[in-house]
Peer 1: 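Dropping the structure in here first, questions after.
Keep in mind that the numbers below use all heavy atoms, side chains included, and drop hydrogens, waters and symmetry copies.
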Amino acid sequence: MNMFCYQCEQTVMGTGCTAKGVCGKDATTATLQDLLVYVSKGISMYAHRASQLGARDREIDIFVIKALFATVTNVDFDPDRLQEMLIQAGKIIEKAKRLYEDAAIKAGKKPELLDGPAALKPADGIDALVSQGAQIGISSRKNTLGDDITGLQELVTYGLKGTAAYADHAQILGKEDAAIYAKFHEYLDLLTKPNPAVDELVTASLGVGELNLHVMELLDEANTDAYGHPEPTAVRVEPIKGKAIVVSGHDLKDLYELLKQTEGKGISIYTHGEMLPALAYPKLKAFKHLVGNYGGAWQDQVKEFDAFPGAILMTTNCIQKPRESYKGRIFTTGLVAMPGVTHIGEDKDFTPVIEAALAADGFPEDGPDKKIMVGFGRNAVMGVADTVISAVKAGAIKHFFLIGGCDGAKPGRNYYTEFAQQVPKDCVILTLACGKYRFNKLEFGDIGGIPRLLDIGQCNDAYSAIKIALALADAFGCGVNDLPLSLILSWYEQKAVAILLTLLHLGIRNIKLGPSLPAFVTPLVLKVLVDNFNISPISTPEADLAEVLGKS
Ligand code: SF4
Ligand code: SF3
């Protein structure tokens with residue numbers, strides 16, 4: 001059986017996974033995910049029209065967000081759970097159809113008869129669903145619409161998937177906006193147009209970037225309202241003796257719930273991967289048994305989890321197929337799923353995780369007392385803005401580099417470590433997301449008390465980075481593109497696509513992107529990006545640094 005997926009950076013030969021995903025996704029799972037995205041478009045065809053008539057339904061909105069998030073790289077590998085979502089999708093599409101038709105009749109209009117994705121009824125059983133999915137995959141669109149249009153449609157789709165992940169986190173913390181959901185429906189509906197034009201899809205891509213900016217703002221509000229503003233914090237990166245649970249992914253609420261349920265149980269909680277910035281939130285670090293961070297970025301998890309003598313909780317991407325050695329003590333929750341791995345449901349009862357941690361050996365002794373600094377979100381950085389601005393004006397800080405984005409397994413990603421190491425001593429490095437594990441345990445020192453490495457947080461804290469850049473531009477009376485600031489970005493999955501689109505929406509130029517360019521960006525689309533934004537692939541740290549600093 002065949003599949004076609006080119007949504008992430010590690011896709012086979014830089015062109016597409018066709019037999020099995022490098023991520024481990026098999027053809028059945030890939031095809032069910034294609035079908036789920038397709039049905040979501042159908043749901044949005046109705047929901048968008050209903051929304052234009054003033055009607056909406058929260059269950060429909062949330063379903064589409066969760067469906068898109070489930071198809072992000074390294075989230076849901078479980079065909080059974082995808083089948084459940086498709087069964088649910090069959091009910092939701094009927095509900096959306098009724099919502100639209102009732103709204104149209106109420107408005108005295110004849111409802112449109114919609115076909116394409118709106119007419120699809122998910123079949124019974126995985127095999128039948130896979131047959132349906134096989135008809136509507138990316139390959140068939142490449143054949144009918146060509147590579148450029150299909151690639152642009154996928155750019156919009158992947159931007160929406162990444163944005164959906166952030167919208168889901170915000171929603172879980174009680175922050176939602178009907179206007180945001182309406183935009184999701186509008187863009188998904190646009191993707192069902194039979195003969196889209198290149199310009200229309202380029203505009204939609206930047207529109208998704210704008211949407212993602214609003215969603216990241218909402219998530220920033222959700223996280224900081226719930227847990228306070230991150231504050232600069234020295235965090236332990238070595239274990240302490242005793243029973244242990246490590247929590248990975250981006251969902252702060254899952255960590256909070258687990259911290260409450262483990263209080264007084266003699267278990268130490270560690271963050272992993274993108275959960276590291278959680279250690280800087282006042283209401284999270286108030287739990288004394290949240291002791292530090294374990295390990296590095298997602299792609300090292302198999303080796304690290306194998307060696308971890310406790311339980312493991314995955315709250316979002318990026319999960320990898322577990323080794324048998326720890327399959328019994330790794331757990332998923334939220335939208336993450338892996339066949340054969342116990343899933344913690346919506347009630348967030350983490351008892352099985354706690355029991356697995358208590359049954360495991362735990363760490364036999366304390367590791368060395370090694371710490372790193374985290375917690376330089378917008379609030380913390382703006383709090384010392386005057387010092388930073390004075391340092392720039394006095395020439396003590398010559399340039400800022402934002403070296404951020406996703407990590408991954410490719411050897412070419414050493415570029416980011418080498419780049420950070422070669423940044424001159426009179427420059428400051430801002431970082432965010434899991435790519436920072438390439439250099440966040442190195443010693444960078446400080447400039448007049450300002451640390452040379454400032455960890456802003458998770459990938460969604462790109463919002464914080466944008467606020468910092470805008471504040472600096474304001475202080476210097478210039479635009480962001482005129483600041484002594486360069487963006488050196490690494491991408492892997494679709495959240496990075498969403499953030500990149502946000503930066504382009506904001507008109508940010510001269511971004512360097514690596515380790516390789518997306519397979520779905522065709523030469524024609526790349527030309528549009530280069531002409532309008534002067535985006536370029538990374539080359540070597542030496543050449544890129546010389547180019548950037550020569551300009552500043
Ligand atoms: Fe391949 Fe990435 Fe798609 Fe997985 S998500 S199948 S690695 S392109
Ligand atoms: Fe990393 Fe998966 Fe993208 Fe949130 S955890 S940045 S890759």
Side-chain angles (χ1 to χ4, degrees), residues 36-72 88-89 91-109 111-112 114 116-118 152-153 155-193 196 200-222 460 463 494-495 497-499 501-502 505-506:
L36 189 56
V37 172
Y38 189 80
V39 187
S40 297
K41 289 177 191 167
I43 294 169
S44 287
M45 288 170 78
Y46 291 119
H48 171 56
R49 284 163 179 77
S51 154
Q52 287 179 311
L53 295 165
R56 69 173 284 244
D57 180 287
R58 186 167 173 267
E59 187 191 19
I60 295 171
D61 296 342
I62 291 178
F63 179 84
V64 168
I65 298 301
K66 290 195 184 290
L68 291 177
F69 187 6
T71 68
V72 166
Q88 178 72 358
K91 294 179 188 148
I92 295 284
I93 200 165
E94 285 303 319
K95 193 179 193 196
K97 184 168 187 271
R98 281 197 306 278
L99 180 76
Y100 163 55
E101 289 176 353
D102 290 351
I105 290 162
K106 217 162 147 192
K109 296 189 174 159
E112 280 177 69
L114 302 176
L152 273 168
Q153 287 179 327
L155 175 63
V156 173
T157 307
Y158 304 154
L160 288 173
K161 287 186 182 195
T163 307
Y166 298 142
D168 187 58
H169 293 309
Q171 184 271 125
I172 285 169
L173 286 168
K175 299 279 181 186
E176 295 179 57
D177 181 348
I180 283 174
Y181 293 139
K183 278 283 172 194
F184 271 94
H185 297 311
E186 179 186 327
Y187 290 123
L188 285 169
D189 174 67
L190 184 124
L191 292 172
T192 68
K193 282 184 72 170
E200 190 178 16
L201 290 168
V202 170
T203 305
S205 306
L206 300 180
V208 171
E210 183 178 15
L211 173 65
N212 184 53
L213 180 63
H214 292 316
V215 172
M216 288 195 301
E217 181 180 13
L218 196 66
L219 178 55
D220 177 276
E221 195 183 308
N460 40 286
Y463 175 74
Q494 298 76 54
K495 296 182 196 182
V497 174
I499 292 168
L501 293 177
T502 297
H505 153 72
L506 289 168

Peer 1: Give the minimum heavy-atom separation between E112 and Y100, together with the two atoms involved.
Peer 2: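 Residues E112 and Y100, closest heavy atoms: N-OH, 2.9 Å.
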Peer 1: For residues 36-69, which residue pairs pass the ring-ring contact (aromatic ring centres under 6.0 Å, His included) check, not counting sequence neighbours?
Peer 2: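 Output for this query lists F69-H169.
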Peer 1: Compare all side-chain heavy atoms of E59 with those of Q88 and state whether any distance is below 4.5 angstrom.
Peer 2: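 Yes, at least one pair of side-chain atoms sits under 4.5 Å.
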Peer 1: What pairs of residues pass the salt bridge (charged side-chain N to carboxylate O under 4.0 Å, His left out) test when at least one of them lies in residues 208-220, not counting sequence neighbours?
Peer 2: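 Counting only pairs at least two positions apart or across chains, the salt bridge (charged side-chain N to carboxylate O under 4.0 Å, His left out) contacts touching residues 208-220 are D220-R378.
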Peer 1: Determine, for K183 against E186, whether the closest basic-nitrogen to carboxylate-oxygen distance falls under 4.0 angstrom.
Peer 2: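 Salt bridge present between K183 and E186.
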Peer 1: OG of S51 to CG of D61: how many Å apart, nearest 0.5 Å?
Peer 2: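 CG of D61 is found 8.5 Å from OG of S51.
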Peer 1: Locate the shortest heavy-atom distance separating L201 from P196; write the atom from each residue and the value.
Peer 2: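 Heavy-atom minimum between the residues: CD1-CB, 3.9 Å.
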Peer 1: Looking at E221, M216, H214, which one forms a side-chain contact (heavy atoms from CB on, under 4.5 Å) with Y463?
Peer 2: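 Per the side-chain contact (heavy atoms from CB on, under 4.5 Å) rule, the option paired with Y463 is M216, out of E221, M216, H214.
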Peer 1: In Å, rounded to the nearest 0.5 Å, how long is the span from CG of L219 to OG1 of T163?
Peer 2: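 With rounding to 0.5 Å, CG (L219) is 11.5 Å from OG1 (T163).
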Peer 1: In chain order, what residues pass the side chain to side chain contact (heavy atoms under 4.5 Å, CB included) check against S44, with sequence neighbours excluded?
Peer 2: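 Expected list: V64, H185, L188.
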Peer 1: Taking all non-hydrogen atoms of both residues into account, name the closest pair between A67 and S40 and its distance.
Peer 2: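 Closest pair (atom of A67, atom of S40, distance): CB-OG, 3.4 Å.
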Peer 1: Locate the shortest heavy-atom distance separating F184 from L160; write the atom from each residue and the value.
Peer 2: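 Closest pair (atom of F184, atom of L160, distance): CE2-O, 3.4 Å.
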Peer 1: Give the minimum heavy-atom separation between A204 and L190, together with the two atoms involved.
Peer 2: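 Heavy-atom minimum between the residues: CB-CD2, 3.8 Å.
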Peer 1: OH/Y166 to CD1/I499 distance, rounded to the nearest 0.5 angstrom?
Peer 2: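 Y166 atom OH to I499 atom CD1 measures 3.5 Å (nearest 0.5 Å).
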Peer 1: Is the closest side-chain heavy-atom distance between K161 and V497 below 4.5 Å?
Peer 2: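 No, too far: nothing below the 4.5 Å cut-off.
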Peer 1: Distance from I65 atom CD1 to I60 atom CD1, nearest 0.5 Å?
Peer 2: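 The CD1 atom of I60 is 12.5 Å from CD1 of I65, to the nearest 0.5 Å.
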Peer 1: Taking all non-hydrogen atoms of both residues into account, name the closest pair between A96 and I43 and its distance.
Peer 2: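 A96 and I43 have their closest heavy atoms at CB-O, 3.9 Å.
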Peer 1: So, do L501 and L155 sit near enough that their side-chain heavy atoms are less than 4.5 Å apart?
Peer 2: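 With C-beta onward as the side chain, the pair touches.
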Peer 1: Does the pair Q494 and L68 meet the rule for a side chain to side chain contact (heavy atoms under 4.5 Å, CB included), with working shown?
Peer 2: CA-CA 11 Å; Q494 298 76 54; L68 291 177; over 6 Å; no
Peer 1: Hey, could you give me the CG/CG distance between N212 and L218, rounded to the nearest 0.5 Å?
Peer 2: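 Result: 11.5 Å between the selected atoms.
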Peer 1: State which residue, out of I62, I92, L99, fulfils the side-chain contact (heavy atoms from CB on, under 4.5 Å) condition with D57.
Peer 2: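 In the set I62, I92, L99, the residue that makes a side-chain contact (heavy atoms from CB on, under 4.5 Å) with D57 is L99.
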Peer 1: Measuring from K41:NZ to L191:CG, what's the distance to the nearest 0.5 Å?
Peer 2: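 So the gap between those two atoms works out to 5.5 Å.
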Peer 1: Under a 4.5 Å cut-off applied to non-hydrogen side-chain atoms, are D189 and R49 in contact?
Peer 2: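 Yes, side chains in contact.
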